[in-house]
Amino acid sequence: MKIVVLGDKDTTLGFRLAGVHEAYSFEETIQELERAKNKLKELIEREDIGVILITERLAQKIEIPDVTFPIILQIPDKYGSLYGEEQLREIVRKAIGVEIKR
């Protein structure tokens with residue numbers, strides 16, 4: 001199963017350097033956001049995709065469908081989390097069943 005990242009140019013570059021399978025970057029224009037929606041739909045339909053990571057800012061601008069598979073996780077971008085540390089911990093706990101502590 002592949003891991004895919006959707007987000008801004010800097011965030012996706014970091015994940016590419018870390019070895020993620022596929023990464024797609026989008027700017028904040030109307031056309032780019034429409035392209036991001038279409039790419040997300042396409043990735044959900046693919047059987048080889050196991051995890052989709054999407055930056056919180058991009059996720060706010062496009063509709064994230066409620067699917068059980070592949071797993072779609074919102075991640076902070078280079079500016080940090082929109083939701084704060086506690087909510088981010090809760091998201092991770094629900095997604096993978098492990099609580100992160102400092």
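Just so we're clear, the structure is a prediction, and the values are computed from it rather than from any experiment. Index from 1, following the sequence.
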Sort out for me which residue in Leu6, Val4, Ile52 forms a side chain to side chain contact (heavy atoms under 4.5 Å, CB included) with Lys39.
-> Leu6
Would you sort out whether Val51 and Ile49 count as a side-chain contact (heavy atoms from CB on, under 4.5 Å), showing the intermediate values?
-> CA-CA 6 Å; Val51 177; Ile49 304 298; over 6 Å; no
Is there a side-chain contact between Leu58 and Phe26, using heavy atoms and a 4.5 Å cut-off?
-> yes
Note, Ile75 side chain near Glu56 side chain (heavy atom, < 4.5 Å) | no
For Glu27, does the CD atom sit with more than 12 other heavy atoms under 6.0 Å from it, leaving out its own atoms?
-> no
Please assess Lys61 against Glu34 for the test salt bridge (charged side-chain N to carboxylate O under 4.0 Å, His left out), listing each intermediate value before the final yes or no.
-> CA-CA 10 Å; Lys61 293 179 172 96; Glu34 189 63 34; over 6 Å; no
4.5 Å side-chain heavy-atom contact, Asp8 and Ser25 = no
Can you tell me how far the CD atom of Glu28 sits from the CZ atom of Arg57, to the nearest 0.5 Å?
-> 8.5 Å
Should we count CG of Leu17 as having more than 12 external heavy atoms under 6.0 Å?
-> yes
Evaluate the side-chain proximity of Ile64 to Ile54: yes if any heavy-atom separation is below 4.5 Å, no if none is.
-> yes
What is the distance from atom CZ of Phe69 to atom CD of Glu47, rounded to the nearest 0.5 Å?
-> 9.5 Å
Looking only at heavy atoms, what is the nearest atom pair of Gly50 and Pro70, with distance?
-> O-CB, 3.5 Å
Check step by step if side-chain contact (heavy atoms from CB on, under 4.5 Å) holds for Lys2 and Arg46.
-> CA-CA 10 Å; Lys2 292 183 177 181; Arg46 286 178 41 188; 4.1 Å; yes
To the nearest 0.5 Å, how far apart are OG1 in Thr55 and CG in Leu73?
-> 12.5 Å
Side-chain contact test, heavy atoms from C-beta onward, threshold under 4.5 Å: evaluate it for Leu43 versus Tyr24 and give yes or no.
-> yes
Show your reasoning for whether side-chain contact (heavy atoms from CB on, under 4.5 Å) applies to Ile62 and Leu40.
-> CA-CA 9 Å; Ile62 66 173; Leu40 181 59; 4.1 Å; yes
What heavy-atom pair brings Ile72 and Pro65 nearest, and what distance separates the two atoms?
-> CD1-O, 4.2 Å
